[in-house]
Every structure is written in structure tokens, then in C-alpha cells.
Amino acid sequence: PVPLGGGGTYAAPVLDTIGGLPAHPLLVHAPVVLVPLTAIGAVLMAFSPRFSRRFGVAVTILGGVAFVSAAAAKLSGEEFAETVAVAPEHAAAGDRVPLAALVLGILVLALWLIDRGIPGNRSRPVWVVILAVVVAVVAVVAVVLTIVAGHTGAESVWLVSS
């Protein structure tokens, strides 16, 4: 239980355990899969307006789920850190992944909405091409941040247990 305010009221941690197991090691698997999948879809959308118009809604939904899963992993990690030692690099990297997933999701949504308004036989205006390049760059950054968070977390577990 975590004390609330200045009184004697306590609140149970929200994402402390799942079925008696620590939630964080279980929850981190979702963003590790969903953020890169969203990034792949985002890069395909960036380079193919046709793909964007056809599958943009699916990539946008996937991006939303990736953000929610990254936020859940971050919250559960903060609660897990109250009981186990956490490498500062892992905590810092874990703080960045939800933000990167959120920015990626918003950019994917924007690109899809814009592409839907462009007739299929017209090319993208220059500003939309620039947005598409930004989407691709943010997708790569989101994947790199996810890999760094996962690697530093796994590394700290293996260094502690060996």
C-alpha cells in the first residue's frame, strides 16, 4: 500500500501484480512488439500513400494500443522500482518510450487523415512529403528507444541474477 496525502489513507498500487506475479516483466512485452509494428506500418504509410489510405486506420489504432501498452509498462515499472533496484538508464529509457509512442501515433493519425483527403491520382504536396519523412524518422526513433529500454532492463536483470 502507498500512503496518500498526509493522512492515514492508503491506496493499493494499480499495476503491481498480475495473478500474483510482478506486472512489469509481463506488461513490457506488449510495447516491445507493438511499437515496432506501428513503426513498420508508419514507414510503409510514409512511402506509400496508397498503403496509408488503405491501412492507415489499422496503423493508427495499433499506434494507440502501443501507446497505452507503453504507458502501462512505465507505470508498472515505477511501482516495481519500489521493491527492486532499477538501473537509472533503464528508468530514463522507460520514461521516453510512451512519449515516443504517443508522438508516433499522433503523426500516423495526421498522415492518414491527410492522405485520405488527397485523391488517388494526385501526388502528395511537398509539405505532406515532409510530414511523411518526419513520420518515418519518429518511427525509427521510437523503435530505438524501445530497444534501449528493453536492453537496459534485460541487462540489469541478467547482471543482478548472475
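Qualifying ring-ring contact (aromatic ring centres under 6.0 Å, His included) partners for F47, counting only residues two or more places apart in sequence or in other chains: none. For V144, the side-chain contact (heavy atoms from CB on, under 4.5 Å) partners are V140, V148, not counting sequence neighbours. Residues meeting the side-chain contact (heavy atoms from CB on, under 4.5 Å) test with P36, sequence neighbours left out: V143.
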Practice prompt. Begin from the C-alpha positions of M45 and V135 and carry the test side chain to side chain contact (heavy atoms under 4.5 Å, CB included) through to its verdict.
Written response: CA-CA 9 Å; M45 287 175 64; V135 168; 5.8 Å; no

Expected list for residues 85-113: side-chain donor-acceptor pairs under 3.5 angstrom, two or more places apart:
| unit_1 | atom_1 | unit_2 | atom_2 | d |
| --- | --- | --- | --- | --- |
| H90 | ND1 | A149 | O | 2.8 |
| H90 | ND1 | T152 | OG1 | 3.3 |
| H90 | ND1 | G153 | N | 3.1 |

Donor-acceptor contacts, no H, no angles, side chain residues 125-133, under 3.5 Å, sequence neighbours left out:
none

Could you pull out every donor-acceptor pair under 3.5 Å between side chains of residues 28-35 and any protein atom, sequence neighbours left out?
| unit_1 | atom_1 | unit_2 | atom_2 | d |
| --- | --- | --- | --- | --- |
| H29 | ND1 | P25 | O | 3.0 |
| H29 | ND1 | L26 | O | 3.3 |

Side-chain donor-acceptor pairs of residues 60-72 under 3.5 Å, sequence neighbours excluded:
| unit_1 | atom_1 | unit_2 | atom_2 | d |
| --- | --- | --- | --- | --- |
| T60 | OG1 | G56 | O | 2.7 |
| S69 | OG | V65 | O | 3.3 |
| S69 | OG | A66 | O | 2.8 |

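Here the closest non-hydrogen pair linking H24 and A73 is ND1-O, 2.9 Å. When all heavy atoms of V59 and A42 are compared, the pair lying nearest together is CG1-N, 3.9 Å.
For residues 19-43, the set of pairs meeting the salt bridge (Lys or Arg N to Asp or Glu O under 4.0 Å) definition, not counting sequence neighbours, is empty. Identified under the salt bridge (Lys or Arg N to Asp or Glu O under 4.0 Å) test for residues 17-30, with sequence neighbours left out: none. Listed by first and then second residue, the salt bridge (Lys or Arg N to Asp or Glu O under 4.0 Å) pairs involving residues 17-45 amount to none (not counting sequence neighbours). Residue pairs meeting the side chain to side chain donor-acceptor pair (under 3.5 Å) criterion with at least one partner in residues 40-59, sequence neighbours excluded, are S52-D115.
A continuous path of Ile, Leu, Val, Met, Phe, Trp and Tyr side chains, each step under 4.5 Å between heavy atoms, connects V138 with F51, placing both in one hydrophobic cluster.
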